[in-house]
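Below: the structure, in structure tokens.
Each residue takes its place number in the sequence, starting with 1.
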Amino acid sequence: MLKKYAFFKSLFFSLLLLIVANSCGICQSTMLQNIYGRSYTNLNGRWNYIIDPYEVGFYDYRHIPYDISVSGKGGFYDDRKLKDKGELIEYNFDLSPNMKIPGDWNSQAEKLSLYEGTVWLRQKFNAAPQKDKKYFLYFGAVNYEAHVYLNGKKLGVHKGGFTPFQFEVTGKLNFGENFVVVKADNTRHADEIPTVNTDWWNYGGITRDVLLAEVPATFIEDYQIQLAKNNLKLIEGFVQLSGTQKSQSITISIPEAGIKQTVTTDTAGRAAINIPVKKMSYWTPENPKLYHVEIIGATDKISDKIGFRTIETKGQDILLNGKSIFLRGISMHDENPLIPGRLRGQGDMRMLLQWAKELNCNYVRLAHYPHSEEMVRLADEMGLLVWAEVPVYWTISWENAATYNNAEKQLSDLIIRDKNRSSVIVWSVGNETPLSDPRFVFMSKLVAKARSLDDTRLVAAALEVHSNGNTMIVNDPLGEKLDLVSFNEYVGWYWSNTKDMLNYKFDIKFNKPVVVTEFGADALGGFHSDDETRWSEEYQELLYKNQFTMLSAIEGLRGMTPWILVDFRSPRRVHPYYQDFWNRKGLISETGKKKKAFYTLSSFYDQIKLKY
Ligand code: GCU
């Protein structure tokens, strides 16, 4: 009898968990466009945290989640005060250590450097909610799975370590003190995006801003204001309202471009935008002109800084505002090499992008996942074109529908967030994914999704090459669906060496612009030897020179993003002397030292500039 009872009880709770987990997934509201243009309270700062490797703050001793357990008590999210001395509470945020948020936990506590699991984070804050306003709790990113609670009540769950999410908390805020608790879990899983094997550090936690946004009851939720596809004379897009007063007159004003147009939103709160362009200074890396744009309605208004440019391909050419361009790029991770950890703010970001400018770049590949909105806004301001990417990386679970939905959600959130950023010219749907039919279906659906959300930008992926003797062949069937032929090749490092690499050549099966997404070699900054000795700066320098010779033979070569601007941390790189958990392919070391190859690439790009 007892056995039967136990079986039905665990079945009941598992079903209940499934319902709660799924319903929580829909607790997230659609994303507020341009969060930084809103009125918000910044919840960044020092958050108390509790390391919980066995998730005792989430499950009772029968492994039933407290979220749905009968008692409903015991989870670390209710941050209860001791009601009477008889109560047993085995945790206490006030007495726990704290860490800086935004910030990964790995770089803030020695014991968390390699930690993979759950950490609970709590912040207290004051609020004065107004009756005629709506409130949203916004997270720039939490890696990887976040369960979010406000004042002891669950708001919902989010998965994905690099895209923003938010929960509407209207009517859930106390007038006075509130507290938010996040259960962040960076455990890797085979069916997630990314999967278990990556070549970067698995930084966990609340790595980007946490904001409490306040908007009018009917507000401007989303908008797109960009040049129409391949049309320098037309601004196209939409405005989307949310709330009860859906039909409104909305004025789009771009004073410096002599533009002021009024549209009327329909009963769904949406209006299309079609504005002829009379005079405009088009955005380019050399002239990154951003216009002050205002969107004004009866109940809400918001302003943004937007650049206007077109990007297209024509045969093997890439045209920016109708003019041929060569993408003088470099790849980079979202990591500060000098103080290892996720980029912490504009100072970090500006440092990396300034190094790219010093390298004579007009383009950066923000690998292998969405970087922060501020990073992309800085690229707008500093004049660097951007390849944006989702972490569909290596050996994904191609036949798992939930994995695909996760990938599509991350791609959609990236495009929704950055669709007004002139610097972004490429949506990349993945990196080095091994060929198979299920992978082709999965990636093709992502390409179609990207195009359905935004037909004004290029869609690409870092493909794999395969070799036949000394010939590197690029014939990945996915290439047919992409605007660029982009691939990673490590001739001279993983294949061959500096002595023999010039015997290699490329056989590219597509008549499209070629933008090589990766090549490079490890070099330990400051280690010098002859140019056939691996790990030396001289080896890396000669490899770059040979790569330029080899790649320049490709007729359709229109760009490259060598791997990589700075050394970065990776658990895969364990050589005790040369690596020590660092991938050393950076052109700059983790001490900020520019290696010899930095200058080799910089002068190569100087030569390229003369030709375009
Ligand atoms: C791959 C991969 C990178 C990795 C690099 C390397 O191409 O895309 O993420 O860091 O090679 O091996 O250094």
Side-chain angles (χ1 to χ4, degrees), residues 10-31 65 67-68 116 139 141-148 154-167 183-198 202 368-370 388-417 427-454 459-464 476-482:
S10 71
L11 179 67
F12 165 75
F13 283 120
S14 317
L15 286 172
L16 198 55
L17 179 64
L18 213 61
I19 296 161
V20 167
N22 285 324
S23 64
C24 276
I26 58 171
C27 293
Q28 292 172 46
S29 48
T30 52
M31 207 188 318
D67 278 7
I68 58 171
E116 293 193 324
F139 292 84
V142 178
N143 188 43
Y144 174 79
E145 180 173 313
H147 292 244
V148 181
K154 185 148 204 177
L155 296 178
V157 183
H158 178 268
K159 281 206 294 194
F162 306 96
T163 42
F165 59 98
Q166 62 191 45
F167 298 101
K183 175 189 184 286
D185 180 355
N186 71 335
T187 307
R188 290 165 294 125
H189 299 282
D191 292 345
E192 295 299 336
I193 300 287
T195 181
V196 289
N197 55 335
T198 67
N202 181 23
H368 284 293
Y369 37 74
E389 188 163 289
V390 285
V392 177
Y393 181 97
W394 289 358
T395 55
I396 297 295
S397 300
W398 306 113
E399 299 184 77
N400 180 319
T403 306
Y404 175 77
N405 294 336
N406 183 348
E408 186 177 273
K409 177 82 171 58
Q410 293 190 36
L411 176 65
S412 304
D413 288 352
L414 168 64
I415 293 174
I416 289 167
R417 188 193 75 179
W427 301 123
S428 165
V429 295
N431 179 75
E432 277 191 6
T433 49
L435 301 195
S436 74
D437 290 345
R439 168 261 186 187
F440 179 74
V441 170
F442 188 108
M443 300 295 276
S444 299
K445 282 170 68 177
L446 285 181
V447 172
K449 183 65 182 175
R451 294 198 192 286
S452 72
L453 289 171
D454 175 12
V459 181
L463 303 175
E464 281 203 318
D476 182 331
L478 187 63
E480 287 301 342
K481 297 184 177 276
L482 302 173

Closest heavy-atom pair, Ile396 versus Pro391, reported as atoms and distance to 0.1 Å, is CD1-O, 4.2 Å
Give every residue pair that meets the salt bridge (Lys or Arg N to Asp or Glu O under 4.0 Å) criterion with at least one member in residues 433-450, sequence neighbours excluded.
Arg439-Asp476
Work out which heavy atom in Glu399 is nearest to a heavy atom in Pro438; give both atom names and the distance.
CG-CB, 3.5 Å
Arg417 and Asp413: CA distance, side-chain angles, deciding distance, salt bridge (charged side-chain N to carboxylate O under 4.0 Å, His left out) verdict
CA-CA 6 Å; Arg417 188 193 75 179; Asp413 288 352; over 6 Å; no
Taking C-beta and beyond as the side chain, do Leu453 and Trp427 meet within less than 4.5 Å on heavy atoms?
no
Aromatic rings Trp398 and Phe442: how do their planes relate, parallel, tilted or perpendicular, breaks at 30° and 60°?
perpendicular
Can His368 and Trp394 be said to form a side-chain contact (heavy atoms from CB on, under 4.5 Å), step by step?
CA-CA 11 Å; His368 284 293; Trp394 289 358; over 6 Å; no
Please determine which of Ile193, Asn197, Asp191 meets the side-chain contact (heavy atoms from CB on, under 4.5 Å) test together with Thr195.
Asn197
Drop me the distance from Phe440's CZ to Glu480's CD, to the nearest 0.5 angstrom.
8.5 Å
Checking Val392 against Leu411 for the side-chain contact (heavy atoms from CB on, under 4.5 Å) test, could you report, in this order, the C-alpha distance in whole Å, the side-chain angles of both residues, the deciding distance, and whether it holds?
CA-CA 10 Å; Val392 177; Leu411 176 65; over 6 Å; no
Distance-minimising heavy-atom pair for Val447 and Lys481
CG1-O, 3.5 Å
When rounded to the nearest 0.5 Å, the distance separating OG of Ser428 from CG of Leu414 is 9.5 Å
Could you label the plane-to-plane angle of the His158 and Phe165 rings as parallel, tilted or perpendicular, counting under 30° as parallel and over 60° as perpendicular?
parallel
Any side-chain heavy atom of Lys159 within less than 4.5 Å of one from Tyr144?
yes
Show the nearest heavy-atom pair for residues Leu435 and Pro477, with the distance to one decimal.
CD1-CD, 4.3 Å
Ignoring hydrogens and geometry, is there a side-chain-to-backbone donor-acceptor pair from Ser397 to Ala190 under 3.5 Å?
yes
Minimum heavy-atom distance between Val142 and Ala184, given as atom pair plus value
CG1-CB, 3.8 Å
Atom pair CZ (Arg451) and CD1 (Ile415), whose distance is rounded to the nearest 0.5 Å:
10.5 Å
Residues at least two apart in sequence or cross-chain that pass side chain to side chain contact (heavy atoms under 4.5 Å, CB included) with Ala141, listed by chain then number, are Thr207, Arg208
List the steps, then state whether side-chain contact (heavy atoms from CB on, under 4.5 Å) holds for Asn143 with Asn202.
CA-CA 8 Å; Asn143 188 43; Asn202 181 23; 3.1 Å; yes
Heavy-atom check, side chain of Asp454 versus side chain of Val459, under 4.5 Å
no
Mind checking whether Thr433 and Glu464 have side chains closer than 4.5 Å, heavy atoms only?
no
Distance check, rounded to the nearest 0.5 Å: Tyr404 atom OH versus Met443 atom CE?
10.5 Å
How far apart are the closest heavy atoms of Asn400 and Ala402, and which atoms are they?
OD1-N, 2.8 Å
